[in-house]
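A short worksheet on the structure shown next.
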Amino acid sequence: MTVTDQQTAFDCRQDFAAELLALAAEDERIVAVCNDSVGSSNLVGFRERFPDRLINVGIAEQDLVGVGAGLANAGKIPFVCAAAPFLTGRALEQIKADVAYSEAHVVLCGQSPGMAYGELGPTHHSIEDLSWMRAVAGLDVIVPADSVQTRAAVRWAAASGRPSYVRIPRFKVPVVTPEGAPFEPRRAVLLADGDDATVIAIGSLTSRALQAAALLREEGVHLRVLNMPFLDPLDEEAIVAAARETRGIVTAEEATVSGGLGAAVAATVVTRHPVPMRILGVPRVFAPTGDTAFLLDHFGLSADGIVSAVKDLLRHG
Amino acid sequence: MSLLAADPTRSAVYRQAAERIRRADRHTAAAELDQLATEVRRSIIRMIDRAQLGHVGGDLSVTDILVTCFYGVLSVDPERPRWSGRDRFVLSKGHCAAALYSTLAHCGFFPEAELDTFMAPLSALNGHPNRIKVPGIETNTGALGHGLPVATGCALAAQLDGADWRTFVVLGDGELQEGSNWEAAMAAAHHGLSSLTAVIDRNRLQQGARTEDTNALGALDDKWRSFGWEVREVDGHDHLALLEAMSGSSTGRPVAVIAHTIKGKGVSFMEDRVEWHHKVPSPDQVEAALAELAR
């Protein structure tokens, strides 16, 4: 499948909205809080069904997150929805102090992350969110790879009793999650097995890692593909096993290389079982103008880019 | 969960005192609140002396507000700190944790002896309030400009449930320079949160200088009013005025109580002096302060 094949791909925001609506019908503690993002957070249906339980605080992200914490304090389960760059960047200190440090059961829903707003420029690119959220103690960081994981994330976060950040993909992705795959902290999803090298991918890069595995298989290279729905807490055992059982690890994420999945995997590898690695993501630059697919390809975040990184790793260590 | 548990003896005394104050005539209520505030102030001085750390000036300016709130206004139960029907109280100016801890211990939320551990290694009593460690605290504060948004969320939850509990938040005047307050002020008024009361400890000093010399708050009453709040201005050391100001909204709007206070109130050499924001008194000064607070 190519990156532009939309036939079997899904905009996960729709799955997010549908699951949230179903959950809200089951549990009256569920409320949605947004920042003038009823449309972009796909909350129109929620507003129609539960108008009182949709709280729009306007364009005010620090208040947005603080209000979420207060609602949680009073027994609600708030899903705080906003475009990922502004939710995580503008309200970073509120996420730390009011939500994570206060152990408030708030589900922070970062909409349209990564390069989803490609043409709108770096102010709207959410590539730092994974690094920022991973740095906050006590906050689960959940990165769904497809519609199945998006729905599971909504359910899991609502039931967890814990603060969490859920990164809701906008870029259309096919379903990659096999039947019966785990969805819980410290549990990777094995998508393909192999012993030459391992690719660890999250979110929108997961299906591309599978495409890379298919391309490499034609050349006799057997790739292990791991998906990490939970960036934090991370499945360190699966990483160590991959390091032991294959010749090296390539990570792939729609985020900056400074502090996200690649950094997390590297920290585990280097302290527990050093092997060669390649870290694929957005380098420390602000992106040029272009749509999402263009920018992902531009930064080597394509199936071909992953294939090249694996070959380079196998060739040069 | 909380590392500290209620002191049942003390909390029984608190319940009786709170009931007595709410039933008493004005003169008797004022006299009792004055006495309680003096006890809390003495406790604050001793805590800061032991810890050799703290924000004594702001602690003393906010004491009368805290004591009036807990003894005269709030519906809370130290033995059931997370009771769902409680009034919510948020100290947004979290650097004045010593005043809040002293008040909470005085009410029996945890044993008074614990105050001796203020800011000591591994103490539950951090330099800023922590809801996981200390019963009676609703949200972790310390970074400024956080309390009003959280309190707004609490009040929204009560509104959603049609519940009759209320939400109170105490803000420093200096922290109103943080824009997050004004985001919340707009939202609270927009949603008609009449169960929300913000009390501004208007002592006119911040860490480095006077508020009006730093980033002037100007016509503070007009600011709140124009954001859609009902504004009440009081002497923040007048317990009866505070009691009245913290009663419910008469207009269906959130209430901002601008409480004019004196930083360092009660200790003559600390009053209205910027250096006492977080200066630690010497042993002689501690003795002098306690002597003044004994009168």
Side-chain angles (χ1 to χ4, degrees), chain A residues 24 27-36 50-80 82 86 90-108 136-139 161-163, chain B residues 1-2 81-90 92 94 126 128-134 137-163 165-167 169 178-191 193 195-196:
Chain A
D27 188 338
E28 63 179 19
R29 294 174 300 168
I30 302 284
V31 293
V33 194
C34 70
N35 63 335
D36 189 31
F50 303 108
D52 295 342
R53 287 156 64 184
L54 185 280
I55 296 162
N56 185 349
V57 302
I59 307 162
E61 289 75 24
Q62 297 177 45
D63 187 42
L64 174 81
V65 174
V67 162
L71 285 160
N73 178 299
K76 302 296 180 189
I77 303 175
F79 277 68
V80 172
F86 313 125
R90 189 70 77 97
L92 182 55
E93 198 192 63
Q94 278 73 16
I95 290 172
K96 169 185 163 184
D98 307 350
V99 176
Y101 180 42
S102 295
E103 296 184 15
H105 182 195
V106 174
V107 185
L108 301 159
V136 176
L139 186 71
R162 294 170 47 78
Chain B
M1 278 315 289
S2 169
R82 295 281 169 93
W83 161 49
S84 62
R86 71 191 183 278
D87 286 338
R88 266 61 172 186
F89 176 86
V90 174
S92 191
N126 293 9
H128 294 87
N130 180 299
R131 73 185 286 267
I132 311 304
K133 298 178 180 177
V134 186
I137 288 168
E138 297 289 353
T139 187
N140 298 2
T141 53
L144 295 173
H146 287 243
L148 188 57
V150 175
T152 299
C154 288
L156 275 164
Q159 187 185 59
L160 271 173
D161 288 345
W165 52 265
R166 298 173 61 201
T167 304
V169 54
E178 294 279 9
S180 49
N181 292 300
W182 304 104
E183 293 183 2
M186 288 172 77
H190 177 83
H191 288 277
L193 299 179
S195 70
L196 176 63

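Because only heavy atoms are used, hydrogens play no part in the values below, and waters and symmetry mates are left out as well, while side chains stay in. The shown structure was predicted, so the numbers you read here are calculated from the model rather than taken from an experiment. All chains are named by letter (A, B, ...) in the order of the sequence lines, taking the proteins before the strands, and each is independently numbered beginning at 1.
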In a check of side chain to side chain contact (heavy atoms under 4.5 Å, CB included) between A:Pro78 and each of A:Leu108, A:Ile30, A:Val33, which one passes?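 Filter result, single survivor: A:Val33.
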Contact check, side chains of B:His146 and A:Glu93, non-hydrogen atoms, under 4.5 Å: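 Result yes, sub-4.5 Å side-chain heavy-atom pair found.
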Does NZ or CZ of B:Arg88 fall inside the cone over B:Trp165's six-membered ring, less than 6.0 Å from its centre and within 45° of the axis?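 So B:Arg88 does make the cation-pi contact.
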Examine whether an atom of A:Glu61 lies under 4.5 Å from a heavy atom of chain B, and if so say whether it belongs to the side chain, the backbone or both; otherwise answer neither.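 Backbone of A:Glu61 only, per the 4.5 Å heavy-atom cut-off to chain B.
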Chain B contact via A:Val65 - which portion, at a heavy-atom distance below 4.5 Å: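 The answer is neither part of A:Val65.
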Which heavy atom in A:Asn73 sits nearest to a heavy atom in B:Thr139, and how many Å separate them?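 It is ND2-N, 4.5 Å.
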Which bit of B:His191 comes within less than 4.5 Å of chain A, counting heavy atoms only: side chain, backbone, both or neither?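 B:His191 touches chain A through side-chain heavy atoms alone.
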Tell me, side chain or backbone of B:Ala151 under 4.5 Å from chain A's heavy atoms, or both, or neither?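 The answer is neither part of B:Ala151.
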Tell me, out of B:Thr152, B:Leu156, B:Leu148, who's got the most heavy-atom pairs with chain A below 4.5 Å.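 Looking at each of B:Thr152, B:Leu156, B:Leu148 in turn, B:Leu156 comes out on top.
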Mind ranking A:Ser102, A:Ala97, A:Gly58 by heavy-atom pairs under 4.5 Å with chain B and telling me who comes out on top?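 Sorted descending by pairs with chain B, the first entry is A:Ser102.
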Give a yes or no on whether a salt bridge exists between B:Glu183 and A:Arg90, defined as a side-chain N under 4.0 angstrom from a carboxylate O.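 Salt bridge flag = no for A:Arg90 with B:Glu183.
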